[in-house]
J.: 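Take a look at this one; I'll ask things after.
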Protein chains: 2
Amino acid sequence: MRIDSYRSNCERCIHLGLCRGTAADEQIAGHRLRVRRHDSLYRAGEHPGNRIYCIRSGSFKLVMARPGDTEQVIGFAMAPDFLGLNTLGAASHGASAVALEDSEVCVIDWDRQSFRGRRQPMQREGLHALLAGEIRRAQQAAMLLHHTHSRQRMAELMLSLSNAYRSNGYSALRFRLPMSRCDIASYIGVSAECVSRLLDQFRRLGMLQLQRRDLTLLDPDALQRMAAGMES
Amino acid sequence: MRIDSYRSNCERCIHLGLCRGTAADEQIAGHRLRVRRHDSLYRAGEHPGNRIYCIRSGSFKLVMARPGDTEQVIGFAMAPDFLGLNTLGAASHGASAVALEDSEVCVIDWDRQSFRGRRQPMQREGLHALLAGEIRRAQQAAMLLHHTHSRQRMAELMLSLSNAYRSNGYSALRFRLPMSRCDIASYIGVSAECVSRLLDQFRRLGMLQLQRRDLTLLDPDALQRMAAGMES
DNA sequence: CGCCCTATTGAATATAATCAACCGCCGTGG
DNA sequence: CCACGGCGGTTGATTATATTCAATAGGGCG
């Protein structure tokens with residue numbers, strides 16, 4: 001039963017071509033891992049151990065430590081994103097991956113032998129595209145931060161989350177924020193109080209509805225204009 | 001003469017193992033390209049054409065267009081950084097690469113046949129490390145922006161440039177800023193005027209000296225503390 | 001020399017951080 | 001069951017910070 005559901009899930013996995021060989025005995029994706037809310041999948045500084053992860057359910061925040069024991073949220077990830085791609089060839093994880101809710105990941109063992117020897121060209125190409133895509137993702141995420149006004153960054157974050165949910169098959173207009181206000185604050189570079197005020201401001205402007213972490217975007221176009229700085 | 005200096009430069013190139021085969025006839029790096037100040041090496045939206053670039057001299061800014069004809073500087077690059085790594089497997093460039101000064105790049109033709117067929121494992125490994133490193137670089141760059149105060153972001157930028165120069169064999173304390181104040185402003189998400197004021201503030205605090213674009217860091221530790229928010 | 005472009009400076013206004021108080025939900029333990 | 005405490009979140013008042021608009025300075029280049 002466990003096995004069946006596992007296989008069936010994998011067969012529907014959009015990364016099938018990348019993580020499994022053509023024959024059953026070449027299967028590389030080893031096993032699943034449950035990570036409970038607030039637990040770390042890996043921590044900054046740890047050796048990556050030749051593994052990457054694919055989120056099957058739940059969501060994570062990526063946290064970097066700063067000199068002076070402060071922490072920065074540098075990104076969010078949800079199923080079916082990958083985690084750990086940036087550690088290929090690195091001696092240690094640069095950031096920690098902390099589960100925002102009870103989550104499950106696929107562990108893909110990145111053993112060099114199996115990679116070099118058995119993989120098909122298609123898989124290699126897939127990997128390159130994956131890595132390149134991750135660079136673009138990081139750059140895209142960075143763009144969010146290059147705004148002078150915090151309301152622009154906040155609007156952009158809302159839209160970016162909306163896009164993420166849409167492209168993963170969920171509603172783009174109604175979703176639950178898996179992260180705390182503090183996480184958002186750290187991510188967009190404002191104080192936690194400011195997050196509250198901004199969200200309240202957006203609500204008063206009729207752009208969204210929000211109770212606790214349940215978000216409804218009422219006027220994505222207005223958010224778009226807000227992000228672009230064409231609306232105060 | 002031209003050929004000689006070209007070969008000699010390549011033999012000193014730190015990316016030798018990646019961009020050339022073991023035998024001379026397997027050489028993949030094709031040719032150099034000169035890009036004049038303010039010209040684009042490539043533009044956002046263009047097809048990448050299976051090429052990546054290695055900066056041999058000069059420097060570039062990476063610029064992304066935003067809805068609403070504004071532009072954002074999302075990064076800087078200098079020799080011997082790579083450009084275009086994020087376009088592997090992508091249909092188009094996500095950002096433009098604009099030369100900040102007269103520059104020269106190596107064009108590495110990313111032909112799939114030659115890549116898949118002729119490359120050595122070492123080269124593939126090198127590529128993965130390169131791509132993963134680029135992800136980390138993008139994330140590192142993003143960290144700079146997650147500060148609440150602009151003085152922290154500015155201090156961090158100064159340090160990050162300093163590190164870049166150091167790791168490329170130049171002085172970490174005296175260098176010339178290749179980018180305009182506007183570029184800096186766009187990059188750290190403040191107004192151009194604010195850049196002036198911040199630099200002046202740093203100067204008055206004795207952290208650096210600056211005339212036009214020639215920068216001398218007088219107190220990197222203070223800058224570090226400033227970036228960490230432990231100094232006003 | 002004179003122009004243009006980049007950079008700087010000033011004054012007024014807008015924006016966000018900080019400090020402090022408070023609310024409400026949730027889980028814990030009596 | 002309820003009381004309690006802690007955490008996450010909100011709100012208010014004040015101060016600090018950054019934008020905006022406007023004017024000015026100064027270098028590089030024809």
Side-chain angles (χ1 to χ4, degrees), chain A residues 36-38 61 70-73 98 100-102 145-157 176-205 208-215 226-232, chain B residues 36-38 61 70-73 98 100-102 145-157 176-205 208-215 226-232:
Chain A
R36 268 174 312 190
R37 187 172 136 93
H38 294 155
K61 62 176 171 181
T70 54
E71 290 194 334
Q72 292 272 0
V73 176
V98 180
L100 293 169
E101 55 197 313
D102 290 351
L145 299 160
H146 295 256
H147 284 288
T148 57
H149 295 289
S150 61
R151 56 170 178 271
Q152 297 174 290
R153 299 197 292 274
M154 178 63 92
E156 188 117 348
L157 174 60
R176 184 176 168 76
L177 299 172
M179 70 292 282
S180 74
R181 303 287 195 269
C182 275
D183 292 335
I184 295 176
S186 171
Y187 184 62
I188 67 176
V190 297
S191 67
E193 295 92 330
C194 192
V195 171
S196 269
R197 287 189 246 265
L198 285 168
L199 288 173
D200 189 54
Q201 187 185 344
F202 287 4
R203 186 189 55 71
R204 279 185 282 106
L205 290 170
L208 52 77
Q209 256 179 338
L210 181 66
Q211 31 197 13
R212 302 190 54 71
R213 294 187 179 185
D214 291 309
L215 180 65
M226 175 70 84
M230 322 187 82
E231 196 149 331
S232 57
Chain B
R36 268 173 311 189
R37 186 172 137 93
H38 294 156
K61 62 176 171 182
T70 54
E71 290 194 333
Q72 292 272 2
V73 176
V98 180
L100 294 169
E101 55 196 313
D102 291 350
L145 299 160
H146 296 254
H147 285 289
T148 58
H149 295 289
S150 60
R151 57 171 178 270
Q152 296 175 291
R153 300 197 292 272
M154 177 64 92
E156 188 115 348
L157 174 60
R176 186 176 168 77
L177 299 172
M179 70 291 282
S180 73
R181 302 289 194 269
C182 273
D183 292 335
I184 295 175
S186 170
Y187 184 61
I188 67 177
V190 298
S191 66
E193 294 93 328
C194 191
V195 170
S196 269
R197 286 188 246 266
L198 284 168
L199 288 174
D200 189 54
Q201 187 185 345
F202 287 5
R203 186 189 54 72
R204 277 185 283 107
L205 289 170
L208 50 77
Q209 256 180 338
L210 181 66
Q211 31 198 12
R212 302 198 51 74
R213 295 188 178 183
D214 291 309
L215 180 65
M226 175 70 85
M230 323 188 82
E231 195 149 329
S232 54

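Numbered from 1 within each chain, the chains take letters A, B, ... in sequence-line order.
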J.: To the nearest Å, how far apart are A/Arg212 CZ and C/dC25 P?
T.: 7 Å
J.: Do B/Met154 and B/Ile184 pass the side chain to side chain contact (heavy atoms under 4.5 Å, CB included) test, and can you show the C-alpha distance, the side-chain angles, and the key distance before you say yes or no?
T.: CA-CA 9 Å; B/Met154 177 64 92; B/Ile184 295 175; 4.0 Å; yes
J.: Closest nucleotide of DNA chain D for A/Glu193 versus for A/Thr148: which of these residues is on the 5' side?
T.: A/Glu193
J.: Taking 4.0 Å as the cut-off, does a side-chain nitrogen or oxygen of A/Ser191 come that near to OP1 or OP2 on C/dA16?
T.: no
J.: Take the protein atom CG of B/Asp200 and the nucleotide atom P of D/dT24, then report the distance between them rounded to whole Å.
T.: 20 Å
J.: Any side-chain heavy atom of B/Arg213 within less than 4.5 Å of one from B/Arg181?
T.: yes
J.: Between C1' on C/dT8 and CZ on B/Arg213, what's the gap in Å once rounded to a whole number?
T.: 14 Å
J.: Tell me the interatomic distance from B/Arg176, atom CZ, to C/dA7, atom C1', rounded to whole angstroms.
T.: 13 Å
J.: Rounded to whole angstrom units, what separation is found between the CG atom of A/Leu145 and the C1' atom of C/dA16?
T.: 16 Å
J.: Nearest-Å distance, NE2 (A/His147) to C1' (D/dT19)?
T.: 16 Å
J.: Could you tell me if the side chain of B/Tyr187 sits less than 4.5 Å from the side chain of B/Met179, heavy atoms only?
T.: no
J.: Take the protein atom CZ of A/Arg197 and the nucleotide atom C1' of C/dC22, then report the distance between them rounded to whole Å.
T.: 13 Å
J.: With no hydrogens and no angle check, is any side-chain donor or acceptor of A/Arg153 less than 3.5 Å from a backbone partner on A/His147?
T.: yes
J.: Output yes when at least one side-chain N/O atom of A/Ser180 is less than 4.0 Å from OP1 or OP2 of D/dG8, else no.
T.: no
J.: Among the candidates C/dA20, C/dT8, C/dG10, find the nucleotide nearest to the side-chain atoms of B/Ser196.
T.: C/dT8
J.: Picking from D/dC21, C/dT8, C/dT18, which would you name as closest to the side chain of B/His149?
T.: C/dT18
J.: State, yes or no, whether a side-chain contact exists between B/Asp200 and B/Arg197 at a heavy-atom distance under 4.5 Å.
T.: no
J.: Quickly work out the B/Arg181 CZ to D/dG27 P distance and round it to whole Å.
T.: 13 Å
J.: Can you tell which of D/dT17, C/dC19, C/dT15 lies closest to the side chain of A/Arg151?
T.: C/dT15
J.: Does A/Gln201 or B/Cys182 map to a spot on DNA chain C nearer the 5' end, using the closest nucleotide for each?
T.: B/Cys182
